[in-house]
Amino acid sequence: MSTGPGAHSAPAPTTHDSPPGPSGGTRRSSMFSSLRVRNYRLFFAGQVVSNIGTWMQRIAQDWLVLSLTGSATAVGVTTALQFLPMLLFGLYGGVLVDRWPKRRTLLFTQLAMAVTGIALALLTLSGHVEVWHVYVAAFAVGLATVLDNPARQSFVSEMVGPDQLQNAVSLNSANFQSARLVGPAVAGLMITGVGTGWAFLANGLSFVAPVAGLLLMRGRELHAVRRAPRGKGQLREGLHYVAGRPDLIWPIVLVGFIGTFGFNFPVYLSAFADDVFHAGAGSYSLFNTLMAVGSLAGALLAARRGTSRMRVLIAAAAAFGVMELVAAAAPSLWLFALLMAPIGMFGMTVNVTANTTIQMGTDPAMRGRVMALYMMVFLGGSPVGAPIAGWITDAYGVRAGLAAGGAVSALAAAVVGLVLARVGGLRLSVGWRRGHPVVRFVPRERRKELAAAV
């Protein structure tokens with residue numbers, strides 16, 4: 001994205017839609033339009049390979065820890081260690097990302113994660129691996145993610161510019177969800193056939209693809225972004241920047257509530273499969289697969305839309321919560337399974353729309369810090385929400401747990417929608433058009449005109 005105004009000269013908060021296209025209407029794009037950009041095409045191709053390797057390592061890592069310890073708690077500790085660095089250092093990572101060239105930062109993080117995967121592979125294949133080795137590797141990957149996540153998120157705009165940003169962000173999500181369908185299946189075959197060590201090695205070698213893509217990019221074709229100079233108080237400056245922008249802080253708050261209370265599917269789905277429907281691991285796998293399919297569809301639809309609308313974010317968040325409430329009351333396994341697809345689709349729509357809205361509304365010099373805060377809130381909610389979801393599930397049953405998550409998500413969408421409407425000077429307009437009810441938010445000065453027209 002081209003260099004924007006200073007960090008404190010951002011546009012006034014608004015809940016209006018993203019900028020119109022050249023003709024003044026809503027922009028639309030083809031589903032894969034950002035792939036016409038050579039640099040992004042190289043990045044996307046590298047991520048296809050790397051994401052599959054990442055999902056392979058996740059499955060192999062959990063299986064190895066379970067094999068070494070026989071403890072599900074140890075598996076949970078491994079996951080916690082991988083997310084802990086983002087919770088502790090995520091905002092500081094955003095400060096560094098704003099200072100450093102993002103392509104060079106990504107080269108460093110990708111190489112670091114490759115070394116971690118290969119080291120774990122060598123320990124496993126040689127028969128010397130111990131559980132503390134896996135803990136250290138998980139923590140090391142988490143440390144690399146502190147820089148990799150905000151750098152990767154904000155580097156997209158430098159590759160494609162503002163016009164293709166939503167399309168590129170959506171395709172990144174589709175890429176990750178596709179790997180979620182392929183990676184675990186490949187990991188299962190590899191673990192069964194040749195062992196976990198080879199899955200780790202495949203992941204380590206998979207980073208050759210993104211590193212090669214980064215090296216082959218043409219620097220002159222990147223959209224220049226002013227980097228933040230080294231200075232004191234930059235972390236505090238980033239937090240003040242977000243706090244003073246309702247159009248940034250409230251979408252982050254919404255994503256935080258949904259990520260903390262609505263996305264605890266490892267807790268819910270396993271309990272529904274075993275305790276409610278008594279169907280075992282096969283149904284658990286089916287639930288996850290259908291949710292991944294829905295997430296992939298949501299990402300591709302977001303890519304097709306080509307615009308980032310605040311009302312789409314609010315509507316998708318509300319629909320996500322309502323669908324969880326419906327699923328909580330589903331009487332049969334097949335109805336519950338089918339509901340996983342729309343839940344995945346609406347959840348992905350929330351993620352992509354919030355991501356793009358925040359990136360497009362943020363000054364380029366602040367984008368690393370803002371995206372670090374966004375990722376910390378989105379990813380960091382699970383360690384808080386999962387124990388709460390588990391407690392509700394144990395005390396009142398899994399249906400109550402899922403219903404509570406859906407209710408919190410829907411309520412958060414309603415409250416944030418009303419707050420943004422108030423900040424943007426909007427009012428609720430209710431009327432009829434061509435025999436159908438029309439409910440929407442409109443500017444205050446247009447309310448009377450629309451009321452008279454309908």
Side-chain angles (χ1 to χ4, degrees), residues 1-15 83-106 108-109 142-159 162 165 169 223-260 308 310 313 351-381 383-384 416 419-420 423:
M1 185 178 288
S2 57
T3 304
H8 298 289
S9 58
T14 178
T15 60
F83 283 104
L84 184 62
M86 179 62 74
L87 286 172
L88 296 177
F89 312 118
L91 292 177
Y92 295 98
V95 171
L96 297 177
V97 166
D98 279 336
R99 292 179 185 172
W100 297 344
K102 294 179 181 61
R103 182 160 62 139
R104 193 178 304 166
T105 301
L106 286 171
F108 168 76
T109 59
L143 285 175
T145 303
V146 168
L147 292 175
D148 186 80
N149 244 324
R152 189 158 30 86
Q153 296 284 335
S154 52
F155 186 54
V156 174
S157 63
E158 294 187 26
M159 289 184 285
L165 181 58
V169 170
H223 294 251
V225 171
R226 175 174 56 85
R227 295 201 300 271
R230 181 185 296 271
K232 293 182 179 180
Q234 289 181 324
L235 175 57
R236 186 167 57 250
E237 180 187 20
L239 293 174
H240 286 168
Y241 176 83
V242 174
R245 293 284 304 278
D247 57 326
L248 298 181
I249 187 63
W250 286 108
I252 291 175
V253 168
L254 176 58
V255 167
F257 271 101
I258 291 178
T260 301
S308 176
M310 197 70 76
L313 172 62
N351 188 11
V352 170
T353 307
N355 188 312
T356 313
T357 299
I358 291 167
Q359 286 210 50
M360 293 188 70
T362 302
D363 183 274
M366 303 290 292
R367 190 169 287 134
R369 279 164 282 184
V370 174
M371 292 311 297
L373 176 62
Y374 170 81
M375 296 306 299
M376 188 178 75
V377 168
F378 184 64
L379 297 177
V384 177
V416 170
V419 169
L420 287 172
V423 169

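Keep in mind it's a predicted model, so treat the numbers as computed, not measured.
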Value rounded to 0.5 Å, distance of CG in Asp98 from CE in Met371: 11.5 Å

Partners passing side chain to side chain contact (heavy atoms under 4.5 Å, CB included) against Phe89 (at least two apart in sequence or in another chain): Pro85, Leu143, Val146

Gln359 and its side chain to side chain donor-acceptor pair (under 3.5 Å) partner, picked from Asn355, Thr356, Thr362: Asn355

Side chain to side chain donor-acceptor pair (under 3.5 Å) against Thr109, all qualifying residues, sequence neighbours excluded: Asp148

Check Leu106 against Ala151 and note the closest heavy-atom contact, atom names and distance. CD2-CB, 3.9 Å

With sequence neighbours excluded, residues passing side chain to side chain contact (heavy atoms under 4.5 Å, CB included) with Leu235: Leu91, Tyr92, Val95

Close side-chain approach of Trp100 to Leu147, heavy-atom, < 4.5 Å: yes

Nearest 0.5 Å, please: how far is CG in Leu165 from CE in Met159? 10.0 Å

Rounded to the nearest 0.5 Å, the CD atom of Gln153 sits from the NZ atom of Lys102 at a distance of 12.5 Å

When rounded to the nearest 0.5 Å, the distance separating CG of Leu88 from CE of Met376 is 10.0 Å

If you measure from the Lys or Arg side-chain nitrogens to the Asp or Glu carboxylate oxygens, is any gap between Glu237 and Arg369 under 4.0 Å? yes

When rounded to the nearest 0.5 angstrom, what is the spacing between CG in Leu313 and CD1 in Ile358? 8.0 Å

For Asn351, which residues count as a side chain to side chain contact (heavy atoms under 4.5 Å, CB included) partner, sequence neighbours excluded? Met348, Tyr374, Phe378

Is there a side-chain contact between Asn149 and Met86, using heavy atoms and a 4.5 Å cut-off? yes

For a quick test of reading the model, state the closest non-hydrogen atom pair linking Ser154 to Pro150 and the distance between them. OG-O, 2.6 Å

Can you find a heavy atom in the side chain of Met310 that is under 4.5 Å from one in the side chain of Pro251? yes

Pair Ile249, Arg245 - check side chain to side chain contact (heavy atoms under 4.5 Å, CB included), show working. CA-CA 6 Å; Ile249 187 63; Arg245 293 284 304 278; over 6 Å; no

